[in-house]
Amino acid sequence: MDTQQITAPPCAPSPVPGDATPSSGVIHINFLHTAGFTVIGNHLAQHRGLSLTAIGLAAHIQSLPAGAKIGIKRLAERFPESETRIAAALRELEAHGYLHRSRVRLPDGRIVTRTVSYNQPDATGSTTAAPEPRTRRSKPAVLRPTPQPPPREPAAEPHPASSEAPQPPASQGTPEPRPAPVFVPAPTAPRALPQPLPHPRELTPELHRAAAALLADLRRHAPQLVLSENDIHTLTPGVATWLERGAHPDAIRHALTIDLPSPLKHPAKLLRHRITTLLPPPLPEAQDLALAGPGGIVIPLQNCDRCDRAFRSRHPGHCGNCGDCRTELRTAA
C-alpha cells in the first residue's frame with residue numbers, strides 16, 4: 001500500500017512564450033534533401049478530385065526513372081492493391097491529365113502501350129484552371145474590391161451592401177474549362193475464335209500411341225516444351241491427323257520445335273496453334289498425279305470410223321467434221 005500507483009501521465013508542460021508550434025494537427029519536422037528526392041506539387045498532393053490511391057500512385061510514378069515499367073500487372077506485384085484498384089487509379093490520373101496512354105506500333109510490328117506522366121498538367125494546355133491552393137481561401141468579402149454603389153447614406157441602407165457581397169466573385173474571370181482528356185479505348189474488339197483442333201478420320205490405337213509418344217518426346221529436342229498429361233491427351237488428335245495425312249514424324253517435330261519464342265509461357269497453346277495452322281493437306285491420289293503431267297492433260301488421238309481421219313477424243317467414234325459424217329448426222333436427225 002505504500003507504493004505509489006501512477007494512473008495518469010503528468011500534466012502537460014506550459015507553452016513557451018513565442019513558440020509557433022500549433023496546438024493541434026500535424027507538426028512538420030523537415031530536413032533538406034540533397035539527393036534521392038522528387039518534387040511533387042501541392043496541386044497533386046492535395047488534389048480534391050483524386051482518391052488517395054491515385055495520389056500515391058502518381059507520386060510513385062513521378063519518382064520512377066524514364067523507361068520504368070508501370071503496367072497494371074507490374075504495379076500489382078509491387079503494391080498490395082489489386083489490379084482492379086490500380087486500374088481505377090490510373091484512369092483517375094488519366095482523366096485529370098496526369099497520365100496519357102496511347103498504343104504505338106514498334107518497328108518490329110509489336111504494339112505496346114506508351115505512358116506519358118505529367119508532373120503539372122496545367123502547363124501542357126494553353127489555358128487551364130488554376131490548381132487548388134494548399135490552404136483554404138480567404139473569404140470573398142476580404143479579397144473582393146470595394147463596390148462603388150450610387151451615393152447613399154451608409155447607416156440608412158445597410159442591406160444593399162450585404163446583398164452585393166456575393167456579386168464580386170461572380171464578376172471575376174471564369175476560368176475556361178480544362179480540355180477533355182483523351183482516353184485510351186479498351187481492347188473490347190471481338191476476337192476471332194481459335195480454330196478447332198483437327199481430328200483424324202479414324203483414330204486407331206496405333207495412331208493414338210504414335211502421336212502421344214511424339215508429343216511426350218518433344219522436351220528432348222526443346223526443353224521448353226514440357227507438357228502435362230492433360231495437354232498431351234488434348235493435342236494427340238491433332239498430331240494424329242498429321243500422321244494420317246502422311247507427314248513424317250521428323251517433319252512434325254521440326255514444325256513444332258523451330259523458332260520458339262523466349263521466354264515461352266504457354267507451350268501447350270503454342271503447339272495447339274502450330275498444329276492447327278500448319279496442318280498439311282492430304283496427299284493426292286495416284287490418278288491425280290498421273291493426269292497432271294509436265295505437259296498438261298493429253299487427250300489421245302482417235303481414227304474416225306467413217307472417214308478414217310484422226311481426231312482427239314477420249315472415246316473412239318465419229319469425228320463429226322468430215323462431209324460424210326455431217327451428211328449422216330443430218331440424215332439421222
Side-chain angles (χ1 to χ4, degrees), residues 67-78 83 103-115 185-298:
K69 304 297 184 182
I70 57 170
I72 296 177
K73 294 185 180 295
R74 182 66 60 88
L75 293 174
E77 295 175 358
R78 170 66 174 78
E83 295 185 5
R103 290 184 174 274
V104 180
R105 183 181 296 274
L106 298 180
D108 58 358
R110 294 184 298 114
I111 298 178
V112 298
T113 300
R114 176 171 294 173
T115 304
T188 57
R191 296 182 179 180
L193 296 177
Q195 299 180 9
L197 195 68
H199 285 70
R201 290 176 295 180
E202 182 181 359
L203 184 59
T204 61
E206 294 79 8
L207 200 60
H208 185 279
R209 183 169 54 255
L214 193 149
L215 287 171
D217 186 64
L218 289 179
R219 64 171 180 257
R220 293 183 179 177
H221 305 272
Q224 306 95 314
L225 298 179
V226 178
L227 303 175
S228 63
E229 292 185 358
N230 188 24
D231 295 336
I232 294 177
H233 178 74
T234 303
L235 299 176
T236 295
V239 178
T241 307
W242 283 58
L243 295 174
E244 184 185 50
R245 296 189 176 187
H248 195 274
D250 293 340
I252 301 176
R253 188 179 299 108
H254 177 75
L256 299 182
T257 58
I258 190 174
D259 294 336
L260 296 178
S262 180
L264 180 57
K265 297 182 179 180
H266 304 286
K269 293 182 178 180
L270 175 67
L271 293 179
R272 178 188 177 91
H273 174 74
R274 291 191 174 186
I275 291 173
T276 305
T277 57
L278 302 180
L279 180 66
L283 290 176
E285 300 293 338
Q287 58 269 20
D288 298 335
L289 295 176
L291 292 177
I297 300 176
V298 179

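Remember, it's a predicted structure, so these values are computed and weren't measured experimentally.
- With sequence neighbours left out, the side-chain contact (heavy atoms from CB on, under 4.5 Å) criterion links Arg110 to Leu106, Asp108, Val112.
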Under 3.5 Å, which donor-acceptor pairs do the side chains of residues 272-283 form with other protein atoms, sequence neighbours left out?
{"from": "Arg274", "atom 1": "NH1", "to": "Ala255", "atom 2": "O", "distance (Å)": "3.3"}
{"from": "Arg274", "atom 1": "NH1", "to": "Leu256", "atom 2": "O", "distance (Å)": "3.4"}
{"from": "Arg274", "atom 1": "NH1", "to": "Ile258", "atom 2": "O", "distance (Å)": "2.6"}
{"from": "Arg274", "atom 1": "NH2", "to": "Ile258", "atom 2": "O", "distance (Å)": "2.9"}
{"from": "Arg274", "atom 1": "NH2", "to": "Asp259", "atom 2": "O", "distance (Å)": "3.0"}
{"from": "Thr276", "atom 1": "OG1", "to": "Arg272", "atom 2": "O", "distance (Å)": "2.8"}
{"from": "Thr277", "atom 1": "OG1", "to": "His273", "atom 2": "O", "distance (Å)": "2.7"}

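- Closest of all the heavy-atom pairs between Ala222 and Thr257 is CB-CG2, 4.2 Å.
- To the nearest 0.5 Å, the span separating NZ on Lys265 from CD on Gln224 amounts to 15.0 Å.
- Every residue two or more places apart in sequence or in another chain was checked for a salt bridge (Lys or Arg N to Asp or Glu O under 4.0 Å) with Arg105, and none qualifies.
- The side-chain contact (heavy atoms from CB on, under 4.5 Å) check on Ala216 picks up Ile232, with sequence neighbours excluded.
- Residue pairs meeting the side-chain hydrogen bond (donor to acceptor under 3.5 Å, both in side chains) criterion with at least one partner in residues 233-247, sequence neighbours excluded, are absent.
- Under the salt bridge (charged side-chain N to carboxylate O under 4.0 Å, His left out) criterion, the residue pairs touching residues 217-235 are Asp217-Arg220, Asp217-Arg253, with sequence neighbours excluded.
- For the atom pair CG of Leu271 and CG of Leu235, the computed distance is 6.0 Å after rounding to the nearest 0.5 Å.
- Counting only heavy atoms from C-beta outward, the side chains of Leu243 and Pro249 approach each other to under 4.5 Å.
- With sequence neighbours left out, His266 forms a side-chain contact (heavy atoms from CB on, under 4.5 Å) with Lys269.
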Below 3.5 Å, can you tabulate the donor-acceptor pairs from side chains in residues 203-212 to any protein atom, sequence neighbours excluded?
{"from": "Thr204", "atom 1": "OG1", "to": "Leu207", "atom 2": "N", "distance (Å)": "3.2"}

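- For the side-chain contact (heavy atoms from CB on, under 4.5 Å) test, residues two or more places apart in sequence or in another chain that qualify with Pro261 are Leu264, Leu270.
- Considering only residues two or more places apart in sequence or on other chains, Asn230 meets the side-chain hydrogen bond (donor to acceptor under 3.5 Å, both in side chains) condition with none of them.
- With sequence neighbours excluded, no residue satisfies salt bridge (Lys or Arg N to Asp or Glu O under 4.0 Å) with Lys69.
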